[in-house]
Amino acid sequence: GVWRQTRALLFKNCLIKCRTKKSSVQEVLFPLFFLFWLILMSMMHPHRKFDEVANTDLGPLDTSVLENFVIGYTPPTAMAREIMKKVAFDNFEDGLITEEYLSEEELEEASFLKPSKFVGVVFKDSMSYQLRFHDSIAMSSIYTESR
């Protein structure tokens with residue numbers, strides 16, 4: 001029963017493969033070709049591992065560039081206020097000017113009024129943000145190993 005049906009099915013499949021040689025060869029060679037292509041591409045663009053950088057003293061911060069510098073942020077939540085307070089007063093002697101805005105539209109309008117000394121911060125949640133400059137958006141940096 002079962003053995004005879006299995007043998008007949010294998011014989012039938014062998015006959016089909018012998019009669020359609022072109023497609024049978026394609027079934028074998030295409031995966032090998034793509035495998036070769038992937039290996040070739042990975043050899044052309046090797047994965048680079050960068051060593052970690054030792055802690056170094058960068059020297060004092062030149063605060064003269066930060067005079068009359070405004071950092072606007074939105075949305076005005078308690079967490080955002082606390083973060084911006086730390087940025088303004090814990091890191092700089094004179095403190096930076098921080099302004100809170102109710103919406104991103106208000107933040108963009110303010111960036112058009114004072115473009116050279118204004119940076120906007122849009123908090124997406126408690127762990128991510130976007131920096132808004134007059135002409136561009138900068139994403140918060142995320143460590144990635146490869147492209």
Measure the shortest side-chain to side-chain distance between [X] and [Y] over non-hydrogen atoms and say whether it is less than 4.5 angstrom.
X	Y	answer
Tyr101	Pro76	no
Val122	Leu107	yes
Phe11	Asn13	no
Ile83	Tyr129	no
Tyr73	Arg81	yes
Val70	Glu99	yes
Cys18	Leu15	no

*Are Leu102 and Thr74 close enough, and set up right, to give a side chain to side chain contact (heavy atoms under 4.5 Å, CB included), and what steps lead you there?*
CA-CA 6 Å; Leu102 297 176; Thr74 189; 5.8 Å; no
Distance, nearest 0.5 Å, that separates [atom1] of [X] from [atom2] of [Y]:
X	Y	atom1	atom2	result
Arg19	Cys14	CZ	SG	11.5 Å
Leu35	Leu29	CG	CG	12.5 Å
Ile39	Met43	CD1	CE	8.5 Å
Gln5	Leu10	CD	CG	12.0 Å
Glu106	Glu100	CD	CD	10.5 Å

*In terms of side-chain geometry, is the basic nitrogen of Glu104 or Lys124 positioned less than 4.0 Å from the acidic oxygen of its partner?*
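Lys124 and Glu104: salt-bridged.
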*Check: Ser23 main-chain N/O paired with Thr20 side-chain donor or acceptor under 3.5 Å*: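 Checked: no pair found.
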*Where is the tightest heavy-atom contact between Phe123 and Pro75, given as atom of each residue plus distance?*
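Looking at all heavy atoms of both residues, the shortest contact is O-CD, 3.4 Å.
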*Could you note down all residue pairs passing side chain to side chain donor-acceptor pair (under 3.5 Å) where residues 27-39 supplies at least one of them, sequence neighbours left out?*
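Found Lys17-Glu27.
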*Report whether Met84 and Leu131 are members of the same hydrophobic cluster (ILVMFWY, side-chain heavy atoms less than 4.5 Å apart, transitive linking).*
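Yes, one cluster joins them.
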*State plainly whether one hydrophobic cluster holds both Met41 and Phe33, where clusters connect Ile, Leu, Val, Met, Phe, Trp and Tyr through side-chain heavy atoms under 4.5 angstrom apart.*
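Per the 4.5 Å side-chain linkage, Met41 and Phe33 are not co-clustered.
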